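Working notes, beginning with the structure itself.
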Amino acid sequence: MAGTGAAPLTYQALLQPSGRRFAARADRTLLASALEAGFALANSCRNGTCRACLRPLHAGRVAYRIEWPGLLPEEKAGGWVLPCVAYPQSDVVLGD
Ligand code: FES
């Protein structure tokens with residue numbers, strides 16, 4: 001029975017300063033969840049290279065499934081994320 005019919009793990013994402021919220025599934029990128037909720041966040045390549053979606057992560061944690069998305073180490077350390085390839089690991093607050 002393990003896993004059958006289980007609801008996907010879902011976190012809350014908040015866009016600041018607009019205050020818009022959307023459900024962010026752990027198995028989907030933040031961009032995919034935002035678009036599904038009807039929020040047209042800037043994007044282009046959707047594979048972590050063009051940086052069109054770059055925005056600050058004010059709170060929460062994300063993980064990447066690709067080795068090193070197109071973020072400089074300083075940006076990563078400074079809290080910038082690429083929502084097109086970032087999977088939430090907690091509730092998150094993103095700049096919009
Ligand atoms: S859309 Fe290109 S890096 Fe995110």
Side-chain angles (χ1 to χ4, degrees):
M1 295 283 295
T4 53
L9 188 54
T10 302
Y11 299 112
Q12 287 298 313
L14 170 63
L15 295 169
Q16 288 284 24
S18 70
R20 296 180 296 178
R21 293 175 187 275
F22 59 92
R25 273 175 51 169
D27 63 349
R28 286 214 183 121
T29 66
L30 287 170
L31 178 65
S33 291
L35 294 177
E36 189 177 287
F39 300 144
L41 300 187
N43 71 89
S44 181
C45 72
R46 300 191 187 182
N47 66 16
T49 55
C50 78
R51 299 162 54 87
C53 65
L54 183 70
R55 63 190 58 238
L57 178 69
H58 296 308
R61 295 187 318 277
V62 301
Y64 297 101
R65 291 181 181 175
I66 58 176
E67 190 60 29
W68 188 255
L71 281 174
L72 298 173
E74 310 85 278
E75 291 170 337
K76 208 169 181 183
W80 291 83
V81 296
L82 293 173
C84 71
V85 286
Y87 295 81
Q89 292 197 310
S90 69
D91 290 347
V92 296
V93 181
L94 289 166
D96 70 350

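Position 1 is the first residue of the sequence; numbering continues from there. What you see is a predicted model, and the numbers here were worked out from it, not measured in a lab. Remember, it's 1-based here, ligands and their atoms both numbered in the order they're listed. Computation of the quantities below employed the complete heavy-atom set of this structure, encompassing side-chain atoms and omitting hydrogens, waters and symmetry-equivalent molecules.
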Quick check for you: to the nearest 0.5 Å, what is the distance between [X] atom [atom1] and [Y] atom [atom2]?
{"X": "R25", "Y": "L30", "atom1": "CZ", "atom2": "CG", "value": "13.0 Å"}
{"X": "F39", "Y": "L94", "atom1": "CZ", "atom2": "CG", "value": "12.0 Å"}
{"X": "Y64", "Y": "Y87", "atom1": "OH", "atom2": "OH", "value": "11.5 Å"}

Using 2.8 Å as the cut-off, note every protein N, O or S atom close to atom 4 (Fe) of ligand 1.
C53 SG, C84 SG
Is it the case that one hydrophobic cluster holds both L31 and V92, taking links as side-chain heavy atoms less than 4.5 Å apart, direct or via other members?
yes
Connected via hydrophobic side-chain network under 4.5 Å: V85 and L41:
yes
Given side chain to side chain contact (heavy atoms under 4.5 Å, CB included), test R46 with T29 step by step and report yes or no.
CA-CA 10 Å; R46 300 191 187 182; T29 66; over 6 Å; no
